[in-house]
Amino acid sequence: MVHQITTWNVAHKLQKKKLLVAINAIAGLAIFFFGYDQGMMGGVNNAKDYIDTMGLGYVDPDGKVHITNSLRQGGIVSVYYLGTLVGALFGGWLGEKIGRIRSIAVGALWAILGASLQCSSQNMHWMIFARLINGWGTGIINVIVPVWSTETAKHTSRGQFIAIEFTLNIFGVVVAYWLEFGLSFVDGGASQIRWRFPIAFQIIPLTFLFSIVWFFPESPRWLAKVGREEEGRFILGRLRGDSPEDVVAADAEWLDIQNVSKLERSITHSTSYFSMLTGKGSGKLHMGRRVQLVVWLQIMQEWVGIAGVTLFQPSIYALAGFGPQKSQWISGLNNIFYMLATLICVFTLDRIGRRMTLYWGSVVQGISMFLAGAFIKLGSNASSADDTGKSFSYGVAATAMVFLFTETFGATWLTVPWLYPAEIFPLHVRAKGNAWGVIGWSIGNGWCTLLIPVMFNKIQEKTLYIFGIANIITIPMVWALYPESNQRTLEEMDLLFAADTPWNWDAETKFKQLKEENPDIVHAAAHGRAVIDPETGKFAGPGGESSETSIHVENKKALDGGL
C-alpha cells in the first residue's frame, strides 16, 4: 500500500493537523499568487511608462493620471479574465484526468510563461496576448486548489480551511500594492521598473509552487474516483490520524467516499461542460441548477463592488477630494485592514453558515456603497462652493464607508463564492463544477473591469449606487435559491439538491426526508453499520440486510438520465 506513494511525499512524515496545515500552506501560496496577480494591475495602471507604452493617456507634471482611452485600459485588464475562463474550462477537464497535484503544477508553469511575457511587453498587443496566457494559468490554479482543499479537509472545518487561504489571497493584494507604492518613488515613478518589476515578482511564488507541490499528497477522493483505493485510504488515514477514534472516523468517511465513487463509476450520461450547463441527463442530480447557482454567485461577488474598489480605489479617493499620493497611501492602508478582516471569516464561516455570512455582508456592503456615493457628491458640492472644511469632512466620511465596505467584504463575500462551488458538485465532476465557478468569476471580473473605467469616467460617484443596488439584489437571491452547505459532508450534497424545484425551502425539506428514509447511505458506518454487504456487494439496509435502497435506485436512475 505505502510503496505506491513516493517516499519523499510529506504524507509519510506528517499526519492529521500537521499534514492539513502543510496542505493549507501550499494551497495558500497558490491563492497568494492569485491575490497578488489581481492586485498588481491597480498600481501598474498608474505607472507613467506603462501608460505611455500602452497608449492609454498621460501623466501631468503634478503626477495626476489622465486616461484618454479608458476602454483600452479596461480591455487590457479584462482580457486576463478571458484567459482565466479558458483556463478554468481546461483546468476542470485536466483535474479530472490527471489529478489535483499535477494540474496545479501545470497551472503554475503556464502562469510563469504568462508572467514572463507580461513583464517584457513592448506594446498593447504584446500585453494583451501575455495577459491571456497568464490568465489561462491562473484559471487552472483557481479551479483545482479549492477542490484539493475541500477534498482533504474535514466537513466541519472546510470553511475555515478556505477562509485562511483567502487571508493569504488578500495578503497578496497587500504585497502587490505596497511594492508598487514604494516603486512609485523611484525616478519619480517614471521608470519602467515601476511596472515591469511587480509583474515579474509573481514568478517567484509560482516557481516555488511548481517545485514543491510534487511533494504533497493527492486528494483521497480523486484517488478513489480513479480506482487507486489503497493509496486513497492511506492518504485519508494520514489526514485524519491513527488513534482508535480517528481510525473509526476515517473508516466511516472512506466507506462514504467508496459508495459514492462506485455509484458514480456506473454513470452512462455525458459529463461534458455543455451537459452540465443544460442539466441534460442528470435527472435528480439537477446539475444545470448547480451550475447556474455557482456562476451567478461569482458574478454577483464582483458586482457588489469589490472589482471597482480593488482596481480603482485611488480614483474613488480622488473623487472624495484627496490628492494622488494621499489616495495611494489610503488605498494601501485599506488593503491592510481588508486582509485583517478576512480573519473574521476564519472564525465565523463554519459557525453561522454560508447563507448568514452572505446576508450580513450584503446589508452592510449595500449601505456602505450608497453612503460613500452620497458623501462623495456632497463633498464635490462643498468643494464647488469653496467650503474647504465641509469638503474635507465629506471626503473623510466617504473614505470611511469604502473602508467599511472592504472590511465587510473580506469577512463575508470574499470566501463563500469560492467555497460553495468546491462543495456542492458530485465527485465525478467536482473539478469541472468548480470550473463553472471560475467561469462565473471570470465573466463578472471581465464585465466589471471593462465597464467600470467607463462608468467612473461618465457617471463618477453614481457608480457606487449601482454597486449598492447589486447588494440589495443578492439578499432575496441567496434566501430563495441557495441551500446551506455548512456542516454537511461532500457525499451528502446530492441529497441536498434532489428536490425538483429550485427553491431553498424545498431543498431543505427533501434533504431532511431523504436523510430520514435512508440513514444507511450517508454516515451508516459512523453508527457501526456496514454500508455494503461483503457477501452480496449490495447496499445494506437499515437493519443490515442486503438491499438497494430507494435513494440508491433513484440516484442511479438519475445518473443514467432515467428520471
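FYI, side chains are in, hydrogens and waters are out, and symmetry mates aren't considered; it's all heavy atoms of this structure.
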| Given Phe166 and Thr342, is the side chain to side chain contact (heavy atoms under 4.5 Å, CB included) satisfied, shown in steps? | CA-CA 7 Å; Phe166 275 86; Thr342 61; 5.7 Å; no

| query | How are the rings of Phe32 and Phe171 set to each other: parallel, tilted or perpendicular (split at 30° and 60°)? | reply | tilted

| message | Nearest 0.5 angstrom please: Ile439 CD1 to Ile299 CD1, how far? | response | 10.5 Å

| query | Would you say Asn24's side chain and Leu20's backbone share a donor-acceptor pair under 3.5 angstrom? | reply | no

| Passes side chain to side chain contact (heavy atoms under 4.5 Å, CB included), Phe234 versus Arg228? Steps please. | CA-CA 10 Å; Phe234 172 74; Arg228 293 160 60 180; over 6 Å; no

| query | Does the Asn486 side chain pair with the main chain of Arg354, one donor and one acceptor, at a distance under 3.5 Å? | reply | no

| remark: Between the CG atom in Leu206 and the CD atom in Gln202, the distance rounded to the nearest 0.5 Å is 6.0 Å

| note | salt bridge (Lys or Arg N to Asp or Glu O under 4.0 Å) pairs touching residues 285-300, sequence neighbours excluded, are Arg290-Asp494

| message | Taking Ala250's backbone N and O only, do any of them form a donor-acceptor pair with Arg240's side chain (distance below 3.5 Å, no angle check)? | response | no

| query | Does a donor on one side chain sit under 3.5 Å from an acceptor on the other, for Gln365 and Thr474? | reply | no

| Salt-bridge present (Glu423, Arg488; N to O < 4.0 Å) | no

| task | Write out all pairs satisfying ring pair (Phe, Tyr, Trp, His ring centres under 6.0 Å) with one or both partners inside residues 279-308, taking only residues at least two apart or from two chains. | result | Trp303-Trp447

| query | Do we see a donor-acceptor contact under 3.5 Å between the side chains of Trp413 and Ser362? | reply | yes

| Any donor-acceptor pair under 3.5 Å from Ser282 side chain to Met287 backbone | yes

| Pairwise salt bridge (Lys or Arg N to Asp or Glu O under 4.0 Å) hits with a residue in residues 73-90, at least two apart | none

| Aromatic ring proximity, centroids under 6.0 angstrom, Tyr482 and Tyr420 | yes

| Less than 4.5 Å apart, any side-chain heavy atom of Leu236 and any of Ile257? | yes

| message | I'd like to know whether the aromatic ring centres of Trp418 and Phe34 sit less than 6.0 Å apart in this structure. | response | yes

| field | Glu96 side chain to Ala431 backbone, donor-acceptor under 3.5 Å | value | yes

| task | With rounding to the nearest 0.5 Å, note down the distance linking CE in Met54 to CD1 in Ile76. | result | 6.0 Å

| Sequence neighbours excluded, which residues qualify as side chain to side chain contact (heavy atoms under 4.5 Å, CB included) partners of Ser272? | Ser270, Phe274, Ser275

| said: For the backbone of Glu492 and the side chain of Thr489, can you confirm whether one donor and one acceptor N or O come within less than 3.5 Å of each other? | reply: yes

| said: Whether the side chain of Gln487 engages the backbone of Asp350 through a donor-acceptor N/O pair (distance < 3.5 Å, no angle test) should be reported. | reply: yes

| message | Under a 3.5 Å distance rule, please check whether Asn504 uses its side chain to pair with a backbone N or O of Ala480 as donor and acceptor. | response | no

| field | salt_bridge(Glu253, Lys154) N-O dist < 4.0 Å | value | no

| salt bridge (charged side-chain N to carboxylate O under 4.0 Å, His left out) partners of Arg131, counting only residues at least two apart | none

| query | Just by distance, do the side chain of Glu218 and the backbone of Arg100 share a donor-acceptor pair under 3.5 Å? | reply | yes

| query | Mind checking whether Lys510 and Phe497 have side chains closer than 4.5 Å, heavy atoms only? | reply | no

| Can you tell if the side chain of Phe425 reaches within under 4.5 Å of the side chain of Asn434, non-hydrogen atoms only? | no

| message | Rounded at 0.5 Å granularity, tell me how far OH in Tyr338 sits from OG1 in Thr167. | response | 10.5 Å

| remark: Between Val213 and Ile26, the two heavy atoms sitting closest are CG2-CG2, 4.4 Å

| Side-chain heavy-atom pair Trp214, Arg102 within 4.5 angstrom cut-off | yes

| Does some side-chain heavy atom of Leu496 sit less than 4.5 Å from a side-chain heavy atom of Met493? | yes

| message | Check this for me, if you would: do Lys225 and Glu229 make a salt bridge, where the nitrogen-to-carboxylate-oxygen distance has to be below 4.0 angstrom? | response | no

| Any idea how Trp436 and Tyr273 line up, ring-wise: parallel (<30°), tilted (30 to 60°), or perpendicular (>60°)? | perpendicular

| task | Over 60° means perpendicular and under 30° means parallel, so classify the ring planes of Trp503 and Trp505, tilted if in between. | result | parallel

| request: Would you confirm whether Arg238, through its side chain, and Leu14, through its main-chain N or O, come within 3.5 Å as a donor-acceptor pair? | output: yes

| remark: Residues Trp254 and Ala224: closest non-hydrogen pair is CH2-CB, 3.7 Å

| field | side chain to side chain donor-acceptor pair (under 3.5 Å) partners for Lys16, two or more places apart | value | Asp246

